[in-house]
A.B. asks: 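Can you keep this structure in mind? I'll have questions shortly.
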Number of protein chains: 2
Amino acid sequence: MKRPDPFQALCPTRRILDRIGDSWAVLILIALGSGTLRFNALKRRIENISQKMLSQTLKSLERDGLVRREVFATVPVTVEYSLTDLGRTLSQTVNQLTLWAEAHIGEIEAAQQRYDRGEGATEPEGRAAGGC
Amino acid sequence: MKRPDPFQALCPTRRILDRIGDSWAVLILIALGSGTLRFNALKRRIENISQKMLSQTLKSLERDGLVRREVFATVPVTVEYSLTDLGRTLSQTVNQLTLWAEAHIGEIEAAQQRYDRGEGATEPEGRAAGGC
DNA sequence: CAGAATCCCTCAAGATACTG
DNA sequence: CAGTATCTTGAGGGATTCTG
């Protein structure tokens with residue numbers, strides 16, 4: 001049997017990779033990883049996301065079966081978003097990535113400074129490394 | 001201590017996530033995961049990548065300390081690319097993602113069809129439709 | 001509150017051509 | 001072979017406005 005080849009542009013696996021490539025989608029997955037959230041709560045949680053991108057990304061995540069959308073007929077209407085079982089497994093996998101990032105961010109920044117020092121970096125760099 | 005918060009736009013962790021978001025970078029990481037490759041070999045391996053994006057992405061991966069570039073003074077010149085130790089650990093982490101993708105592509109495609117069909121059903125279908 | 005619909009504009013990526 | 005240097009485009013995303 002043939003395994004999916006991510007190097008071929010039309011490969012389904014490639015499509016998943018592209019979804020991960022969507023920064024907003026990943027942030028939503030992470031945000032919902034710690035529990036159900038309403039639309040505006042999600043918007044407040046993820047700094048700088050526009051409501052357009054939020055609703056658009058949520059819709060495509062729902063379409064992929066990763067996020068569940070529940071509407072409650074209150075006044076005004078209430079909409080809750082949560083991860084499906086499938087979404088939860090992806091969210092956990094993505095979390096591995098953020099763990100890697102947190103563990104290795106220091107090495108990466110060190111490498112960058114080394115690199116920039118080797119090439120024609122004429123600017124006196126004053127960047128502070130470390131957490132947020 | 002303060003943990004990195006990926007929801008803040010300037011967070012280092014967010015920058016790593018964005019790097020993963022770079023589809024070409026991920027494909028290069030995967031390609032080099034199975035061994036050293038020369039520039040044009042890499043280009044042949046990854047369908048549809050332009051030489052511009054290849055050299056550009058390689059440069060930033062090198063800057064991040066993920067990829068090692070070695071030049072041999074042959075005629076014409078030979079350049080070999082390989083993963084650093086750091087790059088290898090990231091490549092393996094990314095591989096988890098492709099494994100997830102291969103395992104769940106069927107569920108996702110089923111969900112999409114359900115959604116496109118007027119979002120009536122809620123039954124989880126386990127049928128696999130993947131494969132390139 | 002939870003979105004849909006518009007306009008608008010940048011900038012990332014492709015195509016092409018040239019070089020050491 | 002292994003790149004660099006321009007030019008051009010188009011679609012992704014921001015800002016804004018409107019609605020059930």
Side-chain angles (χ1 to χ4, degrees), chain A residues 7-10 14-15 17-29 31-32 35-64 67-82 115 118-121, chain B residues 7-10 14-15 17-28 31-32 35-64 67-82 115 119:
Chain A
F7 300 119
Q8 292 179 356
L10 293 177
R14 178 79 163 265
R15 295 211 311 271
L17 251 21
D18 284 345
R19 147 102 23 263
I20 301 302
D22 182 347
S23 189
W24 294 133
V26 170
L27 290 175
I28 290 175
L29 248 22
L32 291 180
T36 298
L37 287 173
R38 311 229 314 252
F39 187 87
N40 279 317
L42 214 35
K43 180 158 168 26
R44 255 172 275 122
R45 187 81 203 281
I46 303 176
E47 280 186 48
N48 296 337
I49 193 173
S50 62
Q51 79 283 58
K52 175 186 174 182
M53 289 317 295
L54 181 55
S55 89
Q56 186 174 305
T57 308
L58 279 170
K59 204 179 297 179
S60 75
L61 286 171
E62 189 194 358
R63 176 169 184 267
D64 287 350
V67 160
R68 172 175 25 246
R69 177 178 184 271
E70 291 176 288
V71 183
F72 300 94
T74 54
V75 177
V77 68
T78 300
V79 181
E80 287 188 352
Y81 289 94
S82 55
Y115 185 96
E119 319 296 75
Chain B
F7 300 118
Q8 292 179 357
L10 294 177
R14 177 77 163 267
R15 295 210 312 271
L17 252 20
D18 285 346
R19 144 91 43 255
I20 302 302
D22 181 348
S23 188
W24 293 133
V26 170
L27 290 174
I28 291 175
L32 291 180
T36 297
L37 287 173
R38 311 228 313 250
F39 187 86
N40 279 317
L42 215 32
K43 179 156 168 28
R44 256 173 274 121
R45 187 82 204 280
I46 303 176
E47 279 186 48
N48 296 335
I49 192 171
S50 62
Q51 79 283 56
K52 176 187 173 181
M53 289 317 295
L54 181 54
S55 91
Q56 186 174 306
T57 307
L58 280 170
K59 202 179 298 178
S60 75
L61 286 171
E62 188 194 357
R63 176 170 184 266
D64 287 351
V67 160
R68 173 175 23 247
R69 177 177 184 271
E70 291 178 287
V71 183
F72 300 94
T74 54
V75 177
V77 67
T78 300
V79 181
E80 287 187 354
Y81 289 94
S82 55
Y115 185 95
E119 47 199 303

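Below, chains carry the letters A, B, ... as their sequence lines are ordered, and counting in each starts from 1.
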A.B. asks: Can you measure Gln56(B) atom CD to dG3(D) atom P for me and round it to whole angstrom units?
C.D. replies: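 The distance from CD of Gln56(B) to P of dG3(D) comes to 13 Å, rounded to the nearest Å.
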
A.B. asks: Establish, with yes or no, whether the OP1 or OP2 oxygen of dA15(D) is under 4.0 angstrom from a side-chain nitrogen or oxygen of Ser50(A).
C.D. replies: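 Answer is no, no contact under 4.0 Å.
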
A.B. asks: Quick one: Glu47(A) CD to dG13(D) P, roughly how many Å, whole number?
C.D. replies: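 From Glu47(A) CD to dG13(D) P: 19 Å.
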
A.B. asks: Please tabulate, for side-chain N and O atoms in residues 35-46 of chain B, each donor-acceptor pair with protein atoms closer than 3.5 Å (sequence neighbours left out).
C.D. replies:
{"residue": "Lys43(B)", "atom": "NZ", "partner": "Ile49(B)", "partner atom": "O", "Å": "3.2"}

A.B. asks: Return the value, rounded to whole Å, for the distance between atom CH2 of Trp24(B) and atom C1' of dG14(C).
C.D. replies: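 After rounding, the reported distance stands at 10 Å.
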
A.B. asks: Rounding to an integer number of Å, can you tell me how far Asp18(A) CG sits from dA13(C) P?
C.D. replies: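 Answer to the nearest Å: 12 Å.
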
A.B. asks: Using a 3.5 Å distance criterion without hydrogens, assess whether the side chain of Ser60(A) forms a donor-acceptor pair with backbone atoms of Thr57(A).
C.D. replies: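 Looks like yes, one N/O pair under 3.5 Å.
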
A.B. asks: Roughly, in whole Å, what's the span from CG in Leu37(B) to P in dC1(D)?
C.D. replies: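 So the two atoms are 14 Å apart, to the nearest Å.
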
A.B. asks: Closest-nucleotide mapping onto DNA chain D: is Gln51(A) or Val77(A) further toward the 5' terminus? I mean the 5' end.
C.D. replies: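 First, find each residue's nearest nucleotide; the 5'-ward one identifies Gln51(A).
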
A.B. asks: Arg38(A) side chain N/O closer than 4.0 Å to the phosphate oxygens (OP1, OP2) of dC1(C)?
C.D. replies: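 No, outside the criterion.
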
A.B. asks: Could you pull out the closest heavy-atom pair between Tyr115(A) and Lys59(B), with the gap in Å?
C.D. replies: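 For Tyr115(A) versus Lys59(B), the nearest heavy atoms are OH-CG, 3.3 Å.
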
A.B. asks: Does Lys43(B) make a side-chain N or O approach to OP1 or OP2 of dC1(D) shorter than 4.0 Å?
C.D. replies: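 For dC1(D), neither OP1 nor OP2 has a side-chain N or O of Lys43(B) closer than 4.0 Å.
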
A.B. asks: Roughly how many Å is it from CD1 in Ile46(A) to C1' in dG13(D), rounded to a whole number?
C.D. replies: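 To the nearest whole Å, that distance equals 15 Å.
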
A.B. asks: Closer to the 5' end of DNA chain C via nearest nucleotide, is it Lys52(B) or Lys52(A)?
C.D. replies: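 Taking each residue's closest nucleotide, the earlier one in sequence belongs to Lys52(A).
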
A.B. asks: Counting only side-chain nitrogens and oxygens, does Tyr81(B) get under 4.0 Å of the OP1 or OP2 atom of dC1(D)?
C.D. replies: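 Negative; the distance criterion is not met.
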
A.B. asks: Could you tell me the separation between the OH atom of Tyr81(A) and the CD atom of Glu62(A), rounded to the nearest 0.5 Å?
C.D. replies: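 So the OH of Tyr81(A) and the CD of Glu62(A) are separated by 7.0 Å.
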
A.B. asks: Please tell me which of Asp22(B) and Ser55(A) maps to the more 5' nucleotide of DNA chain C, matching each residue to the nucleotide holding its nearest heavy atom.
C.D. replies: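 On the 5' side of the pair lies Ser55(A).
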
A.B. asks: Check whether any side-chain N or O of Arg69(B) sits under 4.0 Å from OP1 or OP2 of dG3(D), and answer yes or no.
C.D. replies: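 Yes, within the criterion.
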
